[in-house]
Number of protein chains: 2
Amino acid sequence: METATANPKTAEETRLNRAFAALSDPLRRRLVARLAQGDATVNELAEPFAVTLQAVSKHLKVLEEAGLITRSRDAQRRPCHLDAAALGRLTAWLDGYRQLVEERYERLDALLASEEHHHDHDQDHPGQR
Amino acid sequence: METATANPKTAEETRLNRAFAALSDPLRRRLVARLAQGDATVNELAEPFAVTLQAVSKHLKVLEEAGLITRSRDAQRRPCHLDAAALGRLTAWLDGYRQLVEERYERLDALLASEEHHHDHDQDHPGQR
DNA sequence: GTTTTATTCAACCAAATCGTTGATAAACAG
DNA sequence: CTGTTTATCAACGATTTGGTTGAATAAAAC
C-alpha cells in the first residue's frame with residue numbers, strides 16, 4: 001500500500017504534518033468539536049472560551065491551513081465549516097497502522113495456538129489487552 | 001493556555017491531549033509507522049534517522065506517556081510495542097466528529113431537495129476530494 | 001574485576017508556539 | 001460621511017519543544 005515509508009517530504013506527508021499539529025492543541029480540538037455541531041463565525045466560536053478573539057482567529061487560521069476547515073463569507077462574517085474528508089484522511093492514517101499491529105498480533109496468536117498441541121483453548125480476540 | 005482552575009478536564013481529555021500532541025511531531029509519527037511493522041529497540045528505531053539516540057529516546061518517552069506505545073525489557077534493551085487500542089481511541093474521536101458533519105450535510109441535502117419546487121438542478125455531492 | 005552495549009538523565013540553546021495588546025481593514029447601519 | 005461590527009495583522013513576551021553534548025546507569029561480555 002501507500003503508507004509513506006522513509007520519503008523525505010511528500011505533499012501528503014506535509015498535509016498530515018499540518019493536520020496532526022493542528023489537532024495537538026486542546027483549544028483547537030474544542031473548536032473542531034464545536035464545528036462538528038454546525039458552522040459558526042469567529043465570534044461565535046470564541047464566545048465560550050477565556051481567550052481573546054485574536055487568539056481564536058489564529059487557531060482558525062491554523063485549522064484552515066491544515067485543511068481541516070474551510071471558510072466562506074457572509075457580509076463581515078467568515079463562517080467556518082469543518083471538512084469531513086480531512087478528518088477521514090487522519091483516521092485512514094491511524095487506522096492503517098492500527099490494523100497492521102492487530103494483524104501481527106493475530107498472527108502471533110495463531111502461531112502460539114498452533115504450537116500448543118497439547119492444549120486447544122479458543123484464541124479469540126480479547127477486546128482490550 | 002487553558003485555565004486549570006475552572007476546567008475539570010477529564011482524564012480522557014488529558015489522554016487525548018497527550019496522544020494528539022505526541023503525533024504532531026513528524027519524527028514521532030515515523031516511529032509509529034516503523035513500530036507498526038514490528039516491535040523494535042531504541043537503537044533499531046534511531047538507526048534510519050539523522051538524529052541522536054538521545055533524541056529518539058526522548059520521543060519514545062513522549063509516545064509512552066501518551067499511551068501510544070508500551071515497553072518491555074530484554075537484557076539491556078527496552079523494546080517498544082505500538083498500542084493498537086490507543087490508535088483506536090484517536091480514530092474514534094476523529095470519526096465521531098466526521099460522522100456528525102456528514103450527517104448534517106446529508107440532512108441539508110435532503111432539505112434542499114425537498115424545497116426545490118421551481119427548479120430541479122442537480123446538487124452534486126462530492127464523494128471524496 | 002574492566003569494558004562494551006543499550007539507554008537514560010541533565011544542562012543547555014535555538015526555534016516554534018500561544019497568548020496578549022494595539023492598530024488596521026472590510027462590510028455594513030445610521 | 002461617521003460609527004459599529006467582525007475579523008485580521010503586527011509586534012511583543014513567556015513558555016514549550018526538539019535538538020545537541022556530556023555524564024550516568026544497568027546489564028552483559030570479557
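Owing to the predicted nature of the structure, the values given are computational and were not obtained by experimental measurement. So you know, we letter chains A, B, ... as the sequences are listed, proteins then strands, and number each from 1.
OP1 or OP2 of dA6(C) has not a single side-chain nitrogen or oxygen of Thr41(B) nearer than 4.0 Å. Proximity of His59(B) to the phosphate of dT17(D): no side-chain N or O atom is located under 4.0 Å from OP1 or OP2. For dT20(D), one of the phosphate oxygens OP1 or OP2 lies less than 4.0 angstrom from a side-chain nitrogen or oxygen of Thr52(B). Remark: Lys61(A) is in phosphate contact with dC9(D), judged by side-chain N or O atoms under 4.0 Å from OP1 or OP2. Listed pair Arg71(B) / dT8(C) meets the phosphate criterion, a side-chain N or O lying under 4.0 Å from OP1 or OP2. Proximity of Ser57(A) to the phosphate of dA7(D): no side-chain N or O atom is located under 4.0 Å from OP1 or OP2.
Spacing between atom CG of Asn43(B) and atom P of dT7(C) amounts to 5 Å, rounded to whole angstrom units. Counting to the nearest Å, the P atom of dA7(D) and the CG atom of Leu63(A) are 15 Å from each other. Atom CD1 of Ile69(B) and atom P of dT7(C) are 12 Å apart (whole Å). In this structure, the CZ atom of Arg77(A) is 13 Å from the P atom of dA27(C), given to the nearest Å. Taking atom CZ on Arg30(B) and atom P on dG18(D), their separation rounds to 15 Å, with Å as the unit. Between the P atom of dG19(D) and the CG atom of Leu60(B) lies a distance of 12 Å, rounded to the nearest Å. The separation between Leu27(A) atom CG and dT20(C) atom C1' is 14 Å, rounded to whole Å. To the nearest angstrom, P of dT8(C) lies 8 Å from CG of Leu53(B).
Two residues are said to be in side-chain contact when any heavy atoms from C-beta on lie closer than 4.5 Å; Leu35(B) and Leu45(B) meet this criterion.
Residue Arg71(A) holds its CZ atom at 13.0 Å from NE2 of His81(A), rounded to the nearest 0.5 Å.
Residue side chain Gln54(B) does not reach the base of dG18(D) through any donor-acceptor N/O pair under 3.5 Å, judged by distance alone.
Between dT8(C), dT5(C), dT6(D), one nucleotide has an atom nearer to the side chain of Gln76(A) than all others, and that is dT6(D).
No continuous path of hydrophobic side-chain contacts links Leu90(A) to Val62(A) [ILVMFWY only; heavy atoms under 4.5 Å]. Transitive grouping of hydrophobic side chains (ILVMFWY, heavy atoms separated by less than 4.5 Å) brings Val51(A) and Leu60(A) into a common cluster.
For the pair Arg29(A) and Trp93(B), the cation sits on the ring face: its NZ or CZ lies under 6.0 Å from the ring centre, inside 45° of the axis.
When heavy atoms are screened at a 4.0 angstrom cut-off, Lys58(B) is found touching base atoms of the nucleic acid.
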